[in-house]
Peer 1: 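Okay, handing you the structure first.
Index from 1, following the sequence.
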Amino acid sequence: MILEGYRPCELEQWINSRYIHSGIRTPGDLDLEWVAQLFGADLVFYMGPSFADWREGGYSVIFLDQRLAYDEARSVFFHELCHPVRHVGSQPELPRLFAELQEIQAGLFQLYAAMPIYMIEDYAEHLEEAHAAQILAHAFRLPRELVERRLQQIAARLRKGEGEAKLAKTLPDLPAARIISHSPETLKLLNKLLWISAQKGRKVQRGL
């Protein structure tokens with residue numbers, strides 16, 4: 001698998017930048033407590049279900065079930081980390097579709113934060129091997145299922161890039177498309193506006 005054509009999205013670039021500027025260069029540097037601190041959260045292991053609790057502009061705490069296997073705990077951590085970093089509102093109080101959207105976003109954040117593309121590039125020579133997922137799972141200390149999902153996401157991004165490149169060759173005279181992207185802070189604000197809108201809709205329905 002050749003990674004030269006892989007283009008990280010803006011969220012992925014933002015995570016990578018935070019890591020690199022903080023000296024996180026290899027999988028061994030992805031210490032959970034240090035990563036939590038980097039994003040302004042505390043990490044607590046306890047006997048109970050894993051979840052994140054946060055207040056916007058206030059505290060952020062990630063609770064991890066200490067009964068989980070180490071690789072599974074790491075997987076859950078990177079998923080839960082997304083909620084205080086990007087989301088607003090309590091999921092049990094959110095409309096179902098909005099809560100599902102947050103879970104989809106958390107799943108993508110999990111892939112980017114648990115396995116940064118610039119670290120995967122160090123294992124490029126192994127990506128075409130039959131045991132690539134096993135090799136990366138051992139290196140990043142993650143469940144094989146998560147590693148396979150990341151590799152599938154990378155392959156899909158590469159196919160998309162190849163398709164766009166072929167299309168561009170057939171339309172040489174058209175101006176380049178303007179790409180509009182948003183920073184994580186902007187996306188978090190948009191999430192908040194959606195949540196407020198959903199809450200207002202709920203109040204209107206209750207008043208009918």
Side-chain angles (χ1 to χ4, degrees), residues 1-46 49-52 60-87 102-162 184:
M1 183 183 297
I2 301 175
L3 299 178
E4 291 180 1
Y6 184 87
R7 296 181 181 178
C9 66
E10 187 166 355
L11 172 62
E12 195 170 357
Q13 293 174 1
W14 179 73
I15 294 172
N16 292 347
S17 179
R18 293 288 293 271
Y19 279 173
I20 293 172
H21 289 162
S22 299
I24 298 177
R25 305 282 179 170
T26 69
D29 296 330
L30 289 170
D31 176 77
L32 298 190
E33 291 188 355
W34 169 230
V35 174
Q37 182 180 350
L38 176 62
F39 288 97
D42 292 322
L43 177 61
V44 175
F45 288 89
Y46 83 121
S50 302
F51 69 99
S60 298
V61 185
I62 298 173
F63 294 89
L64 285 185
D65 189 342
Q66 64 186 24
R67 296 166 294 184
L68 293 174
Y70 184 68
D71 60 347
E72 185 63 30
R74 290 177 60 82
S75 175
V76 172
F77 166 81
F78 286 108
H79 180 97
E80 295 298 335
L81 180 62
C82 176
H83 294 306
V85 171
R86 295 194 61 192
H87 294 154
Q102 288 192 348
E103 284 303 300
I104 292 173
Q105 293 173 338
L108 291 173
F109 183 99
Q110 176 189 39
L111 296 180
Y112 304 148
M115 298 183 67
I117 191 65
Y118 68 90
M119 294 186 189
I120 297 176
E121 288 173 348
D122 293 336
Y123 296 85
E125 62 184 22
H126 299 293
L127 295 182
E128 297 297 338
E129 298 180 13
H131 303 293
Q134 183 176 342
I135 293 171
L136 292 175
H138 177 73
F140 286 89
R141 295 168 293 174
L142 293 167
R144 181 167 177 168
E145 294 78 9
L146 178 63
V147 173
E148 290 175 343
R149 187 151 55 92
R150 177 59 157 145
L151 292 178
Q152 291 168 1
Q153 179 269 324
I154 291 173
R157 186 77 61 80
L158 289 172
R159 287 194 299 271
K160 179 181 178 182
E162 291 173 358

Peer 1: Of all heavy-atom pairs between Leu43 and Ala36, which one has the smallest distance, and what is that distance?
Peer 2: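 Smallest interatomic distance, heavy atoms only, reads CB-CB, 4.3 Å.
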Peer 1: Going through the checks in order, is the side-chain contact (heavy atoms from CB on, under 4.5 Å) test met by Leu38 and Ile24?
Peer 2: CA-CA 10 Å; Leu38 176 62; Ile24 298 177; 4.0 Å; yes
Peer 1: Just verifying a value: how many Å separate His126 NE2 and Gln134 CD, rounded to the nearest 0.5 Å?
Peer 2: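 Interatomic distance, His126 NE2 to Gln134 CD, rounded to 0.5 Å: 12.5 Å.
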Peer 1: Would you give the length of the straight line joining atom CG of Asn16 to atom CG of Leu11, rounded to the nearest 0.5 angstrom?
Peer 2: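 The CG atom of Asn16 sits 9.0 Å away from the CG atom of Leu11.
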Peer 1: Which heavy atom of Ala114 sits nearest to which heavy atom of Phe78, and what is that distance?
Peer 2: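 Minimum heavy-atom contact is CB-CD1, 3.5 Å.
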Peer 1: Would Gln152 and Arg149 satisfy side-chain hydrogen bond (donor to acceptor under 3.5 Å, both in side chains), going step by step from the backbone distance to the final call?
Peer 2: CA-CA 5 Å; Gln152 291 168 1; Arg149 187 151 55 92; over 6 Å; no
Peer 1: Specify whether Phe39 and Tyr19 have parallel, tilted or perpendicular ring planes, treating 30° as the upper limit for parallel and 60° as the lower limit for perpendicular.
Peer 2: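 Plane angle over 60°, so perpendicular.
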Peer 1: Among Arg18, Arg157, Arg7, which residue satisfies the salt bridge (charged side-chain N to carboxylate O under 4.0 Å, His left out) criterion with Glu12?
Peer 2: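 Answer after filtering Arg18, Arg157, Arg7: Arg157.
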Peer 1: Quick one: closest heavy-atom pair of Ala139 and Tyr123, and the distance?
Peer 2: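 That closest heavy-atom pairing would be CB-OH, 3.4 Å.
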Peer 1: Counting C-beta onward and ignoring hydrogens, is there a side-chain heavy-atom pair between Leu136 and Leu151 closer than 4.5 Å?
Peer 2: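 Yes, close enough: below the 4.5 Å cut-off.
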Peer 1: Kindly write out the residues that satisfy side-chain hydrogen bond (donor to acceptor under 3.5 Å, both in side chains) with Thr26, not counting sequence neighbours, or none if the list is empty.
Peer 2: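 For Thr26, the residues satisfying side-chain hydrogen bond (donor to acceptor under 3.5 Å, both in side chains) (neighbours in sequence not counted) are Asp29.
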Peer 1: Take Leu146 and Arg74 through the side-chain contact (heavy atoms from CB on, under 4.5 Å) test and state the conclusion after the steps.
Peer 2: CA-CA 11 Å; Leu146 178 63; Arg74 290 177 60 82; over 6 Å; no
Peer 1: Can you classify the ring geometry of His83 versus His79 as parallel (below 30°), tilted (30 to 60°) or perpendicular (above 60°)?
Peer 2: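 If you compare the ring of His83 with that of His79, the planes turn out perpendicular.
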Peer 1: So how far is it from Ile120 CD1 to Leu3 CG, rounded to the nearest 0.5 Å?
Peer 2: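 Ile120 atom CD1 to Leu3 atom CG measures 7.5 Å (nearest 0.5 Å).
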Peer 1: Search all heavy atoms of Ser50 against all heavy atoms of Leu68 and return the closest pair with its distance.
Peer 2: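 Heavy atoms of Ser50 and Leu68 come nearest at OG-CD1, 3.8 Å.
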Peer 1: Of all the heavy-atom pairs spanning Arg144 and Ala133, show the shortest one and how long it is.
Peer 2: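 Looking at all heavy atoms of both residues, the shortest contact is NE-CB, 3.9 Å.
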Peer 1: Could you go through Ile62 and Val76, starting from their C-alpha distance and side-chain angles, then the distance that decides it, and tell me whether this counts as side-chain contact (heavy atoms from CB on, under 4.5 Å)?
Peer 2: CA-CA 10 Å; Ile62 298 173; Val76 172; over 6 Å; no
Peer 1: Say you draw a straight line from CD of Glu33 to CZ of Phe77; how long is it, rounded to the nearest 0.5 Å?
Peer 2: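 The distance works out to 9.0 Å.
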Peer 1: On a heavy-atom basis, which atom in Tyr6 and which in Arg150 lie closest, and how many Å separate them?
Peer 2: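 Smallest interatomic distance, heavy atoms only, reads OH-NH1, 3.2 Å.
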Peer 1: CD/Gln153 to CG/Leu158 distance, rounded to the nearest 0.5 angstrom?
Peer 2: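 One finds 9.0 Å between CD of Gln153 and CG of Leu158.
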Peer 1: To the nearest 0.5 Å, how far apart are CD in Gln110 and SG in Cys82?
Peer 2: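 Rounded to the nearest 0.5 Å, the CD-SG separation comes out at 9.5 Å.
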Peer 1: Do Trp14 and Pro8 come within less than 4.5 Å of each other through their side chains, counting heavy atoms only?
Peer 2: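 Side chain of Trp14 against side chain of Pro8, heavy atoms only: no contact under 4.5 Å found.
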Peer 1: Give the intermediate values and the outcome of side-chain contact (heavy atoms from CB on, under 4.5 Å) for residues Ile117 and Tyr112.
Peer 2: CA-CA 7 Å; Ile117 191 65; Tyr112 304 148; over 6 Å; no
